[in-house]
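A quick write-up on the structure given underneath.
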Amino acid sequence: MRYSQYLLPTLRETPGDAEIISHQLMLRAGMIRKVAAGIYDYLPLGLRAIRKMEAIIREEMNRAGAIEVLMPMVVPADLWDESGRWQQYGKELLRIKDRKETDFCLGPTHEEVITEMVRGTVRSYRQLPLNLYQIQSKFRDEIRPRFGLMRGREFIMKDAYSFDLDQAGVDLAYEKMYQAYRRIFARCGLNFRAVEADTGNIGGSSSHEFMVLAESGEDAIASCHACEYAANVEKAECRPQPQVCCDEAPPLEQVATPGRKAISEVSEFLGVPASATAKALVLITDSGAPVMALLRGDHELNPIKLKNVLGCSVLELATDEQIEKLTGAPVGYLGPVGMKIRVVADLAIQSGGPWITGANVSDAHFRNTVHGRDFAVERFADIRNVGAGDPCPRCADGIMEMWRGIEVGHVFKLGTKYSASMRATVLDDQGQERTLVMGCYGIGVGRTVAAAIEQNHDDKGVIWPMPLAPFQVLITLLNPKDEAVRAAGERLYAELQEKGIEVLLDDRDERAGSKFADADLLGMPLRVTIGSKALQEAAVELQERRSGARSLLPLAEAAGSIATQVRAALAAGAQEAVHG
RNA sequence: CGGGGCGUAGCGCAGCCUGGUAGCGCACCUGUCUUGGGCACAGGGGGUCGGAGGUUCGAAUCCUCUCGCCCCGACCA
């Protein structure tokens with residue numbers, strides 16, 4: 001491609017509303033343009049990167065035995081009624097009507113459609129197993145789209161759905177997808193972790209998320225430094241500690257703590273560490289029932305764990321008014337002693353103590369609070385977030401490390417949630433009707449490209465990993481009006497294309513400085529600079545974007561040498577995928 | 001949906017408080033010049049100041065209402 005004839009509007013200045021680096025660089029490098037909140041144009045360069053990503057996904061999905069299909073983006077409400085999600089899904093589902101006033105939605109995910117497809121086409125166990133995937137634009141009317149392609153409302157997703165006769169079948173399908181995902185992200189040159197995840201509202205049993213490690217990541221993940229254990233903090237377990245309390249604790253004692261409400265104030269005032277205190281939070285479940293969660297002062301509540309313990313789907317912090325009405329105690333001095341509402345306490349409360357707790361009256365706390373003796377707990381459970389330095393729940397001496405991650409992929413065992421409600425069945429070898437067991441597997445295509453930029457850039461611009469680079473090579477003609485320069489550039493351009501290398505030829509009549517700045521910004525892995533000086537020696541200059549390393553190549557050998565380097569870089573990614 | 005902020009040329013912004021000719025930088029067009037890290041000079045095009053009402057002789061500026069967008073909190077690829 002000739003730059004002078006391409007549509008590649010680079011921006012010198014950073015658009016004001018772009019927060020994270022990948023968003024800024026994608027705008028500046030002319031890859032995307034915002035059309036509305038969370039809705040983007042993919043300009044030619046951005047589309048090329050997206051297509052690279054899609055090609056890798058297709059190869060690996062096909063290798064794993066999945067089959068590509070394409071489902072409609074506009075989905076009739078009837079299907080969503082069948083699964084019950086027309087009611088459940090909430091405002092994220094963009095609902096529309098056609099001219100006959102029939103309800104439709106823009107598909108945010110396609111379990112219903114694929115289940116309908118399969119139940120209408122698959123009758124026998126002999127047609128199984130089946131894994132169908134598509135790469136398609138989805139629409140979710142997110143409350144708060146942000147970060148460019150990282151969290152758009154319209155976004156390109158690869159979604160796959162597996163169908164099996166039984167649990168063993170879906171276990172195998174899941175394992176295949178898990179391995180395919182490892183290969184996909186490894187081939188992209190990404191530093192990622194596969195972590196155990198909460199299954200959330202979609203339901204189902206096992207679930208792993210594929211997280212690209214990045215400071216800007218919206219998810220917190222925990223991993224063991226010693227063993228393989230890694231999980232989203234939403235899910236990461238805390239190892240129960242041995243009981244260390246409290247045979248000899250002195251009796252409960254009320255102490256004055258005037259105006260000290262926050263844990264930090266109380267612990268400072270009483271001269272004890274926050275870990276010697278217990279904090280009480282009041283929450284309201286979806287049925288309107290109040291519950292007190294009791295945690296060590298320096299620990300954080302994990303609302304998802306608590307939801308799972310309580311078996312509810314909504315859990316909200318009570319307002320100050322609600323708290324005082326429900327407990328009769330002032331906010332800031334809450335404690336479990338004599339509490340009327342049910343108390344669920346974290347395991348750390350069970351193993352430790354005695355505790356400093358609120359006295360349920362203004363300006364006072366209790367010392368030496370011991371569970372069982374001074375207060376009752378309905379249930380002890382793991383309801384807190386793991387923290388850095390906590391012991392690993394799986395191995396003997398591991399300790400947990402914390403990371404930020406961008407969720408680029410998610411694999412799920414769905415079970416029969418959709419196949420049962422939508423009656424997707426086949427006959428087994430006994431002639432018995434069996435409900436299909438499903439799995440679903442998603443990859444955010446645009447998000448993965450954005451994540452790759454988060455992980456591969458410097459202060460000048462993008463540094464593309466070879467497998468995702470929109471062009472593998474950029475040739476910069478320093479002075480395109482110089483006949484010798486132009487001739488050499490055209491020759492190399494033609495030779496490289498002949499060898500199947502993707503080349504962008506910067507033939508613009510611009511100053512060298514502008515072209516170099518754009519070259520850094522665009523970030524193609526290999527850059528060839530052709531200027532009159534080196535040409536006098538019949539040489540061109542090759543520069544590697546990532547390292548900045550430069551070398552002179554004889555013009556006659558340049559194409560061969562560059563093509564070899566491109567192939568080596570691509571092969572290295574694939575190699576990584578096999579062993580990674 | 002709550003809280004905060006912003007809408008002025010393609011992009012980044014000033015002007016608004018204290019009403020009176022709509023401005024700056026970059027980008028764009030023409031010419032001369034220049035060409036190894038965003039060159040110089042000269043000339044030029046482009047804005048119903050998000051929209052609608054109102055106040056006023058006069059509104060980008062003051063008031064009301066709207067729409068859009070961004071940032072901080074609960075969902076997800």
Side-chain angles (χ1 to χ4, degrees), chain A residues 9-20 23-24 27-28 30 33-39 53 57 89-93 108-110 135-160 181 185 197-202 207 209-212 218-219 232 234 303-304 307 313-317 319 405-412 440-451 460 476-482 485 508-521 529-535 540-541 543 550:
Chain A
T10 57
L11 264 30
R12 193 163 172 173
E13 288 167 290
T14 301
D17 53 12
E19 277 263 303
I20 62 171
H23 188 194
Q24 293 172 357
L27 289 167
R28 286 192 54 212
R33 267 177 71 85
K34 187 171 73 178
V35 176
I39 298 176
M53 185 69 219
I57 292 172
Y89 211 89
K91 290 193 207 154
E92 234 175 69
L93 185 64
T109 174
H110 282 70
I135 296 175
Q136 185 212 34
S137 286
K138 301 269 187 263
F139 195 94
R140 294 183 190 168
D141 199 358
E142 294 273 349
I143 293 167
R144 195 147 94 77
R146 60 184 134 173
F147 302 152
L149 295 195
M150 204 69 92
R151 178 183 292 276
R153 293 147 92 201
E154 185 181 287
F155 58 100
I156 300 172
M157 179 173 167
K158 187 283 302 178
D159 49 325
Y181 275 35
F185 297 120
D198 186 73
T199 49
N201 292 343
I202 300 182
S207 173
E209 290 165 337
F210 287 78
M211 295 282 191
V212 171
E218 295 186 84
D219 286 277
N232 194 310
E234 292 177 348
I304 291 175
K307 270 189 211 175
S313 60
V314 179
L315 195 61
E316 283 179 347
L317 275 173
T319 63
I406 299 164
E407 184 190 353
V408 291
H410 202 159
V411 294
F412 259 105
C440 77
Y441 317 92
I443 291 179
V445 177
R447 184 183 278 187
T448 305
V449 171
K460 293 186 178 135
T476 302
L477 302 185
L478 282 183
N479 183 355
K481 286 180 179 161
D482 180 322
V485 168
R508 294 174 301 166
D509 185 17
E510 292 286 338
R511 297 188 65 82
S514 306
K515 295 193 196 182
F516 288 141
D518 277 337
D520 290 333
L521 175 61
T529 303
I530 301 183
S532 40
K533 237 180 287 172
L535 260 193
V540 298
E541 182 181 293
Q543 183 171 0
R550 299 178 196 202

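Labels below follow one simple rule: chain letters A, B, ... track the order of the sequence lines, proteins then strands, and each chain is numbered from 1.
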Taking the basic N atoms (NZ, or NE/NH1/NH2) and the acidic carboxylate oxygens, is any pair closer than 4.0 Å for A:E218 and A:R146?
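The answer is yes: the pair qualifies as a salt bridge.
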Is the closest basic N to carboxylate O distance between A:K515 and A:E510 below 4.0 Å?
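Salt bridge absent between A:K515 and A:E510.
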Taking atom [atom1] in both [N] and [M], compute the distance separating them and give it to the nearest angstrom.
{"N": "B:G44", "M": "B:G7", "atom1": "C1'", "answer": "29 Å"}
{"N": "B:A9", "M": "B:G47", "atom1": "P", "answer": "11 Å"}
{"N": "B:G46", "M": "B:G54", "atom1": "C1'", "answer": "31 Å"}
{"N": "B:A74", "M": "B:C67", "atom1": "C1'", "answer": "26 Å"}
{"N": "B:U61", "M": "B:G51", "atom1": "P", "answer": "10 Å"}
{"N": "B:C1", "M": "B:C75", "atom1": "C1'", "answer": "13 Å"}

Rounding to a whole Å, what distance do you find between [X]:[atom1] and [N]:[atom2]?
{"X": "A:I143", "N": "B:C71", "atom1": "CD1", "atom2": "P", "answer": "14 Å"}
{"X": "A:R153", "N": "B:G68", "atom1": "CZ", "atom2": "P", "answer": "10 Å"}
{"X": "A:D509", "N": "B:U32", "atom1": "CG", "atom2": "P", "answer": "12 Å"}

Donor-acceptor contact present, side-chain A:R28 to main-chain A:L11, <3.5 Å:
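Side chain of A:R28 to backbone of A:L11, a donor-acceptor pair under 3.5 Å: yes, one is there.
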Please work out if [X] contacts a base, only the sugar-phosphate, or nothing of the nucleic acid, heavy-atom cut-off 4.0 Å.
{"X": "A:E209", "value": "nothing"}
{"X": "A:K515", "value": "nothing"}
{"X": "A:D219", "value": "base"}
{"X": "A:D520", "value": "base"}
{"X": "A:E510", "value": "base"}
{"X": "A:L11", "value": "nothing"}
{"X": "A:G513", "value": "sugar-phosphate"}
{"X": "A:D518", "value": "base"}
{"X": "A:G409", "value": "sugar-phosphate"}
{"X": "A:G30", "value": "nothing"}
{"X": "A:A37", "value": "sugar-phosphate"}
{"X": "A:R550", "value": "base"}

Check the phosphate of [N] against [X], side-chain N and O only, distance under 4.0 Å to OP1 or OP2. Yes or no?
{"X": "A:R144", "N": "B:C72", "answer": "yes"}
{"X": "A:K138", "N": "B:C76", "answer": "no"}
{"X": "A:R146", "N": "B:C72", "answer": "yes"}

So which nucleotide does [N] pair with, by the Watson-Crick or G-U wobble rule with both distances under 3.5 Å?
{"N": "B:G36", "answer": "none"}
{"N": "B:C26", "answer": "B:G10"}
{"N": "B:C1", "answer": "B:G73"}
{"N": "B:C16", "answer": "none"}
{"N": "B:G53", "answer": "B:C63"}
{"N": "B:G47", "answer": "none"}

Using a 4.5 Å cut-off on heavy atoms from C-beta on, say whether the side chain of A:R447 contacts that of A:M157.
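No - every pair of side-chain heavy atoms lies 4.5 Å or more apart.
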Min side-chain heavy-atom separation A:T109-A:R140 under 4.5 Å
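Yes, side chains in contact.
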May I ask you to verify whether the side chain of [X] and the base of [N] hold a donor-acceptor pair under 3.5 Å?
{"X": "A:R151", "N": "B:C76", "result": "yes"}
{"X": "A:E541", "N": "B:G36", "result": "yes"}
{"X": "A:R28", "N": "B:C11", "result": "no"}
{"X": "A:N479", "N": "B:G36", "result": "no"}

CD-CD1 distance between A:E154 and A:I39, expressed to the nearest 0.5 angstrom:
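The CD1 atom of A:I39 is 6.0 Å from CD of A:E154, to the nearest 0.5 Å.
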As an exercise, state the distance from CZ of A:F210 to OG1 of A:T448, rounded to the nearest 0.5 Å.
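It is 11.5 Å, given to the nearest 0.5 Å.
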Closest-nucleotide 5' rank along RNA chain B - winner of A:I530 and A:K91
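The 5'-side residue here is A:K91.
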Using the closest heavy atom to pick a nucleotide of RNA chain B for each, name whichever of A:K460 or A:T448 lands nearer the 5' end.
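Nearer the 5' end of the strand: A:K460.
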Are A:K34 and A:D17 close enough, and set up right, to give a side-chain contact (heavy atoms from CB on, under 4.5 Å), and what steps lead you there?
CA-CA 11 Å; A:K34 187 171 73 178; A:D17 53 12; 3.5 Å; yes
